[in-house]
There are 2 protein chains.
Amino acid sequence: MKLTSKGRYAVMALVDLARFDNINPVSLRDISLRQGISLDYLEQIFSKLKKNEIVKSIRGTQGGYVLNKNPNDIKLTNIFHAVDEKVKTVQCKKESKRGCNGKATKCITHNLWDELEIHINTFFDNKSLEDLIKNNKETRV
Amino acid sequence: MKLTSKGRYAVMALVDLARFDNINPVSLRDISLRQGISLDYLEQIFSKLKKNEIVKSIRGTQGGYVLNKNPNDIKLTNIFHAVDEKVKTVQCKKESKRGCNGKATKCITHNLWDELEIHINTFFDNKSLEDLIKNNKETRV
DNA sequence: TCAAAACTTGACCATTTTGGTCAGGTATGT
DNA sequence: ACATACCTGACCAAAATGGTCAAGTTTTGA
Ligand code: FES
Ligand code: FES
């Protein structure tokens, strides 16, 4: 089980963004330099964040990106969903009655994995961007 | 973030094993048939489980595998560790002071991922094979 | 006006991981 | 002796990962 860098970068970039967007839009170039993430890769990520209305873009010189919501209303769940970082612990299709082995009933560990998935998602549901900024400000002092 | 089938199969196979090992050793062939897992693949998995002293092997006709510990002492953590299914959320090396971006300090989201890793591992630490068997017996009634 | 800054889109690709298969063993009970 | 079942290691196709590259379009400020 590992986190992909797409998800990791998305959160990283948004925390960076949230810390600077009070006055001006923040350019991807700046985020790229500060966080050490490839500019081209950031563009892919922000394209998705924009489609999911987590950020707004402002074009032209002095342009950049701005948060589209209150940091408190942006949960990790939303960010991960936007960049297709999904938690997948079961093998079978959830909607179906069939199991992962192709048999007619769910396998003997299905419930376990389901519990695990809920356990992980709970973490993401409860963490907002606001929490992360706060936490980061504290450690900056 | 997804679970690999190596980890999933390992647990599945051990639950199956635990349910039948009271009397005789259980052959991989039987597990393979009951759970729909390739025999060759199971052999790879059990080789690792054996090295980690989670199961014992008994060779020859009527041979098979037997649990090497009390089901209550086999935690999911142990199983996952045995088959190299590890939870990896941070990008950097934990021991090092350096961050994932190559910089001298940990990145702004490092603490978050660390928290997440602990959150997930807690789940694995607290779940034993015994729990799974019980749960399964209940649902079988 | 026009160049530079910055967003936009989509194709492309090398490397690694995954999820196995295959081919040969070796040990042991009957 | 022979069948059963463990044991070992090589091998491999397909998918996912983690990007790069190229070619735009839009807007501002000098
Ligand atoms: S994981 Fe759902 S049936 Fe096996
Ligand atoms: S994840 Fe540890 S420094 Fe970024």
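Reminder, nothing fancy here: chain letters follow the sequence lines and each chain counts from 1.
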Pick the nucleotide of DNA chain C nearest each of T4(B) and T61(A); which residue has the one closer to the 5' end?
T61(A)
Which whole-number value in Å describes the distance from K6(B) NZ to dT17(C) C1'?
10 Å
Rounded to whole Å, CG of D84(B) lies from P of dT16(C) at a distance of 18 Å
Atom-to-atom span, CG of L49(A) to P of dT8(C) - whole angstrom
12 Å
Considering the options R8(A), K6(A), K2(A), which one meets the side-chain contact (heavy atoms from CB on, under 4.5 Å) requirement together with T4(A)?
K6(A)
Rounded distance in Å - NZ (K48(A)) to P (dG10(C))
12 Å
NA contact type, Y65(A), heavy-atom cut-off 4.0 Å: base, sugar-phosphate, or nothing?
sugar-phosphate
In whole angstrom, what separates Q91(B)'s CD from dT16(C)'s P?
14 Å
Taking only the side-chain nitrogens and oxygens of K50(A), find out if one of them lies under 4.0 Å from OP1 or OP2 of dT8(C).
yes
Quick one, N68(A) with E53(A), criterion side chain to side chain donor-acceptor pair (under 3.5 Å). Give me CA distance, side-chain angles, the key distance, then yes/no.
CA-CA 6 Å; N68(A) 196 18; E53(A) 298 175 337; 5.5 Å; no
Let me know, please, whether G60(A) or S5(A) comes out on the 5' side of the other along DNA chain D by nearest nucleotide.
S5(A)
Take atom CZ of R59(B) and atom P of dT28(C), then tell me their distance rounded to the nearest Å.
6 Å
Could you tell me whether K75(A) and D125(A) make a salt bridge, using a distance below 4.0 angstrom between a side-chain N and a carboxylate O?
no
Would you kindly give the CG-to-P distance between L39(A) and dT9(C), to the nearest whole Å?
15 Å
Contact list please: residues 24-38 of chain A against DNA chain C, heavy atoms, distance less than 4.0 Å, in numerical order.
V26(A), S27(A), L28(A)
Let's test your reading of the model: under 3.5 Å, does the base of dT8(C) pair with the side chain of Q44(A) as donor and acceptor?
no
Under 4.0 angstrom, heavy atoms only, what part of the nucleic acid is K51(B) near: base, sugar-phosphate, or nothing?
nothing
Nearest-angstrom distance from the residue atom CE of M1(A) to P of dT18(C)
12 Å
Taken to the nearest 0.5 Å, the spacing of M1(A) CE from I120(B) CD1 works out to 5.5 Å
Show me the pairs that pass ring-ring contact (aromatic ring centres under 6.0 Å, His included) and involve residues 50-78 of chain A, at least two apart or across chains.
F46(A)-Y65(A)
Would you grab the first and last nucleotide of DNA chain D (5' to 3') that comes under 4.0 Å of any non-hydrogen atom in chain B?
dA3(D) to dA16(D)
Under 3.5 Å, is there a donor-acceptor pair between the side chain of E130(A) and the main chain of D73(A)?
no
State which residues pass side chain to side chain donor-acceptor pair (under 3.5 Å) with D84(A); sequence neighbours excluded, sorted by chain then number.
K48(A)
The complete set of ring-ring contact (aromatic ring centres under 6.0 Å, His included) pairs with one or both residues in residues 66-95 of chain B, sequence neighbours excluded, reads F80(B)-F124(B)
Can you name the side chain to side chain donor-acceptor pair (under 3.5 Å) partners of T89(B), sequence neighbours left out?
E117(B)
